[in-house]
Amino acid sequence: MAESFGNSFIVVEVTADDGETQIWIALAKPSQAETLVLAAVPEGSTAEVLNVALTPNQQRMFEELNLEPGDVRRLDRA
């Protein structure tokens with residue numbers, strides 16, 4: 001039986017080879033989020049799950065993205 005991806009938004013910081021950092025979200029379990037994001041970014045990047053509590057506004061904003069379990073998305077800087 002396949003393991004569920006979970007349904008929590010997990011924030012992941014990605015650092016590229018050139019030192020640039022990006023923030024991604026994954027709709028997944030914390031233990032899976034890092035791997036899912038690393039599969040979506042260029043080889044050589046590193047990723048770290050950030051332990052952050054989402055505000056109600058952030059939670060609503062992420063829900064509006066209509067991600068499916070296992071999906072990841074890079075957040076653009078405002």
Using the rule that two of Ile, Leu, Val, Met, Phe, Trp, Tyr join whenever any of their side-chain heavy atoms come within less than 4.5 Å, decide whether [X] and [Y] are in one cluster.
{"X": "Leu38", "Y": "Leu50", "value": "no"}
{"X": "Met61", "Y": "Leu65", "value": "yes"}
{"X": "Leu75", "Y": "Leu27", "value": "yes"}

(Q) Counting C-beta onward and ignoring hydrogens, is there a side-chain heavy-atom pair between Phe9 and Glu63 closer than 4.5 Å? (A) yes

Q | Residue pair Val41 / Trp24, side-chain heavy-atom distance below 4.5 Å | A | yes

Side-chain donor-acceptor pairs of residues 67-74 under 3.5 Å, sequence neighbours excluded:
from  : atom 1 : to    : atom 2 : distance (Å)
Asp71 : OD2    : Glu68 : N      : 2.7
Arg74 : NH2    : Asp76 : OD1    : 3.3

(Q) Just verifying a value: how many Å separate Glu13 CD and Ile23 CD1, rounded to the nearest 0.5 Å? (A) 4.5 Å

**Q.** Identified side-chain contact (heavy atoms from CB on, under 4.5 Å) partner of Val37 from the options Val11, Ile25, Ile10, Val12
**A.** Val12

Q | CG/Asp18: more than 12 non-hydrogen atoms of other groups inside 6.0 Å | A | yes

Which atom of [X] lies closest to which atom of [Y], heavy atoms considered:
{"X": "Ala26", "Y": "Ala33", "answer": "CB-CB, 3.8 Å"}
{"X": "Ala16", "Y": "Ser45", "answer": "CA-OG, 3.8 Å"}
{"X": "Gly44", "Y": "Asp17", "answer": "O-OD1, 2.8 Å"}

Q) Who are the side-chain contact (heavy atoms from CB on, under 4.5 Å) partners of Thr46, not counting sequence neighbours? A)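 For Thr46, the residues satisfying side-chain contact (heavy atoms from CB on, under 4.5 Å) (neighbours in sequence not counted) are Thr15.
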
